[in-house]
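A short write-up of the structure that comes next.
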Amino acid sequence: MSYNLSEGALETIMKGGNYDAPIIQMLGTKKIQGNDAGDRYRLLVSDGKYTYSFAMLATQLNIMLLSGELTDYSVIQVDQFVTTLLKNVGKGEKRVIIILALTIIANGRDVRHKIGNPQPWSEEATSAQRPEPKPAPVTPKFTAKVEPKAANLDSSMLSVKMTNPISSLSPYQNKWVIRARVMSKTPIRTWSNAKGERKLFSMYPCDETGEIRATAFKNECDTFYDMIQVDKVYYISRCAIKTANKKFTTLKNDYEMTFTAETVVGEYVGDESAVPTVQYDFLPISEIANKETETLIDLIDVCKSASDVQELTAKSTGKLLKKREVMLVDASGGAVTLTLWGNEAEKFEGNTNPILAVKGARLTEFNGSKSLSCLSSTMLRLNPDVPEAHKLRGWYDNGGADADIVNISAKSGNFTGGSNEWISFSEAESRQLGTGEKGDYYSLLGVLTFTFSENAVYKACPQEQCNKKLVDQENGLFRCEKCNREYPNYKHRILLAANVSDPTGDQRVTLFNEAAETMLGKSAEEIARLSEYDKNEYNKIFDEVKFKTFVFKFRTKMENFNDESRLKTTVVNVQPVDYKDGIARLLKNIKTATGVQV
DNA sequence: CCCCCCCC
């Protein structure tokens with residue numbers, strides 16, 4: 001068996017050219033340094049003509065060596081690589097090839113020999129002319145006194161070939177310049193400790209080889225915060241590199257950087273199309289429920305709806321918080337709530353059903369249902385220009401908007417439980433809904449045929465969570481049996497029995513306060529007032545609602561009462577009919593029943 | 001040097 005190596009590929013690459021997916025042979029490895037994040041390996045490689053010993057394996061590929069998959073004499077195709085110039089004092093510069101992705105063409109244990117008679121590569125060994133020595137990159141020192149623009153490096157001083165890939169940065173290398181796009185930056189956060197007032201912001205640069213977190217404290221925070229703009233490409237140099245604590249980041253980098261007084265940042269002005277933007281690892285909503293809470297998740301979804309901004313006070317810190325809950329859906333048939341905070345909550349515009357790309361939202365659990373929450377490090381993009389977004393838009397605008405969804409953030413025991421599918425009373429019966437241990441929820445399009453309007457409103461316990469009907473003590477006080485105390489005041493609540501019909505049957509139902517208020521279009525207090533002072537108007541409210549059609553959501557459960565079991569059905573939600581939605585459901589049923597495309 | 005990320 002013989003193997004064709006890409007003869008001459010290394011020479012092309014060494015001279016700064018490109019070579020697409022070269023096939024080379026690995027002849028040896030050397031562990032070059034160990035640190036907390038793991039070892040790095042240097043490879044001796046051959047293209048059949050030359051050997052070269054300054055090839056590095058990207059750390060994510062170390063596993064191929066450690067597992068024994070990649071051994072000496074293996075023939076590999078280098079699917080992705082970058083080169084970087086390293087300067088060694090007294091030895092000039094050295095071009096290092098960093099192998100980012102590879103495919104094993106032949107196992108070293110099968111090949112078992114060096115292919116051809118390759119000679120060590122050096123510039124002298126080639127017939128090519130020695131290139132002119134390149135000038136060292138000039139990195140003018142930034143001081144806060146000058147205009148931010150003055151901090152910009154002159155692009156012409158830095159050849160693109162002289163920038164270092166983010167994936168090559170390590171604490172052992174202090175001369176480097178990266179050219180990277182800022183994926184996002186956090187707001188400035190301040191805190192105090194024994195050393196006084198502190199502040200910081202973080203930003204997240206990425207290039208074609210990777211991503212990294214960069215944090216600026218105090219002076220550097222002041223200096224760079226306004227200058228750094230999301231989505232712009234910068235040259236960044238002279239930050240301190242340290243091992244990242246994986247507990248606090250999901251970025252695929254073992255290191256992170258800290259701005260120092262020496263740090264130089266310059267805006268890159270030129271063709272930036274090769275510098276990628278945020279890299280995602282999108283997860284369909286249907287798979288979120290399988291993930292552990294606290295996991296950080298990337299997703300791309302359609303915003304189906306969004307709540308208003310709500311203000312609340314954090315119990316632990318007393319801080320005033322603003323939040324907005326966004327309901328996201330995707331083609332996996334799932335829905336999930338994403339909570340936005342602060343400024344992000346305030347500026348969010350959800351009623352055009354935008355596509356939202358999210359990187360690093362935290363999975364949380366509350367009352368048995370899962371939802372997502374934004375952190376300061378979470379990256380949000382509205383209607384990003386990525387293929388997944390266009391696909392989603394097409395799906396949503398062509399039926400996805402009306403698709404049945406399973407909301408994994410539904411509050412259990414609340415009106416959002418159960419399926420959104422409309423069924424009939426006869427289907428509810430044949431499915432034996434309500435006969436199980438727990439109650440069952442179902443939705444139905446039905447007509448309100450009767451209300452038992454007499455005594456529909458009562459005086460309820462004024463305690464927030466109680467709502468128990470009070471006993472009038474006839475002395476100006478009202479007794480709550482549940483709280484076991486008397487109150488001088490009360491609130492009005494509605495408890496309404498009614499009848500709902502659909503073409504297949506009918507059902508006696510109960511509406512509690514909120515559902516009744518929605519259906520009647522009046523508050524309990526108003527109805528109480530009319531009950532006392534204007535009986536005609538009171539009766540009119542119930543007359544007008546009769547024979548109206550609604551979308552009901554019921555909770556039904558078999559209850560035993562005096563040896564008799566009876567289905568108790570409560571209206572947990574009632575909404576007027578959205579005819580667009582109703583027609584879409586009818587069309588879908590026709591399609592399913594007939595196979596006819598409509 | 002942060003590493004909190006909130007609420008129902």
Side-chain angles (χ1 to χ4, degrees), chain A residues 36-37 171 184-204 212-225 228 239-251 253-263 293-297 305-327 336-346 348 358-380 407-417 464-465 514:
Chain A
D36 294 349
S184 75
K185 69 171 180 180
T186 69
I188 293 175
R189 185 164 64 88
T190 58
W191 73 100
S192 296
N193 62 17
K195 289 175 179 167
E197 273 287 298
R198 294 296 173 113
K199 62 163 87 168
L200 67 80
F201 84 97
S202 288
M203 63 175 207
Y204 301 85
I212 193 165
R213 179 166 76 156
T215 302
F217 293 94
K218 222 176 165 177
N219 294 342
E220 292 77 56
C221 176
D222 291 337
T223 303
F224 290 109
Y225 186 76
I228 299 292
C239 291
I241 308 279
K242 60 169 194 171
T243 303
N245 187 338
K246 288 283 177 186
K247 221 170 107 186
F248 305 116
T249 168
T250 49
L251 289 195
N253 201 321
D254 294 333
Y255 305 116
E256 61 182 17
M257 44 203 226
T258 305
F259 283 54
T260 70
E262 306 298 312
T263 294
T293 51
E294 312 292 284
T295 310
L296 295 182
I297 286 171
S305 60
S307 74
D308 291 334
V309 174
Q310 297 155 53
E311 290 194 359
L312 47 105
T313 310
K315 268 183 198 149
S316 49
T317 58
K319 242 196 301 186
L320 183 67
L321 305 171
K322 284 180 180 164
K323 73 159 185 177
R324 191 196 295 269
E325 289 184 348
V326 177
M327 210 229 300
V336 67
T337 299
L338 173 71
T339 304
L340 309 180
W341 298 96
N343 188 36
E344 230 144 31
E346 289 192 273
F348 186 78
V358 185
K359 184 181 170 82
R362 179 196 258 187
L363 183 60
T364 65
E365 189 166 340
F366 180 73
N367 275 353
S369 67
K370 288 184 170 160
S371 66
L372 296 164
S373 185
C374 284
L375 311 178
S376 65
S377 58
T378 303
M379 302 175 199
L380 291 180
N407 186 353
I408 68 161
S409 305
K411 296 177 177 76
S412 51
N414 204 338
F415 64 90
T416 43
E464 183 97 33
Q465 296 299 327
E514 288 71 20

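In this text, all values refer to a predicted model and were calculated from it rather than measured experimentally. Letters go in sequence order (proteins before strands), and every chain restarts at 1.
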So, the side chain of [X] versus the backbone of [Y]: is there a donor-acceptor pair under 3.5 Å, distance only?
| X | Y | value |
| --- | --- | --- |
| A:R362 | A:S373 | no |
| A:R324 | A:F348 | yes |
| A:S371 | A:L338 | no |
| A:T295 | A:L363 | no |

Checklist entry - Does any donor-acceptor pair link the side chain of A:E325 with the base of B:dC8 at a separation under 3.5 Å? => result no
Item to check | Face-on cation placement of A:K185 at A:Y204 ring, 6.0 Å and 45° thresholds | outcome: no
Next on the checklist: Regarding A:R324, tell me which of base, sugar-phosphate or nothing describes its non-hydrogen contacts under 4.0 Å with the strands shown.
Outcome noted: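 The answer is nothing, as A:R324 stays clear of every strand by at least 4.0 Å.
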Checklist entry - Using a cut-off of 4.0 Å on non-hydrogen atoms, how would the nucleic acid contact of A:E344 be classed: base, sugar-phosphate, or nothing? => result nothing
Item to check | Ring centre gap for A:F259 and A:F224 strictly below 6.0 Å | outcome: yes
Checklist entry - For B:dC7, does OP1 or OP2 lie under 4.0 Å from any side-chain N or O of A:K322? => result no
Checklist entry - Does A:R213 have a side-chain nitrogen or oxygen under 4.0 Å from the phosphate oxygens OP1 or OP2 of B:dC2? => result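 The answer is no; no side-chain N or O of A:R213 sits under 4.0 Å from OP1 or OP2.
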Checklist entry - Of the residues in residues 372-380 of chain A, which ones touch DNA chain B at a heavy-atom distance under 4.0 Å? => result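 Per residue number, the list reads A:S373, A:L375, A:S376.
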Item to check | Residue-level proximity of residues 192-201 of chain A to DNA chain B when a heavy atom falls under 4.0 Å | outcome: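 Those residues are A:R198, A:L200.
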Item to check | Pair A:K323 + A:E325, salt bridge at N-O below 4.0 Å | outcome: yes
Checklist entry - Could you state the CH2-P distance from A:W191 to B:dC1, rounded to the nearest angstrom? => result 10 Å
Item to check | Distance, rounded to the nearest Å, where A:F259 contributes CZ and B:dC1 contributes C1' | outcome: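 One finds 15 Å between C1' of B:dC1 and CZ of A:F259, rounded.
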Checklist entry - Of A:T339 and A:E256, whose closest DNA chain B nucleotide lies nearer the 5' terminus? => result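 Upstream on the strand: A:E256.
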Next on the checklist: Nearest to the A:F366 side chain among B:dC8, B:dC2, B:dC6, which nucleotide is it?
Outcome noted: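 So the nucleotide nearest the side chain must be B:dC8.
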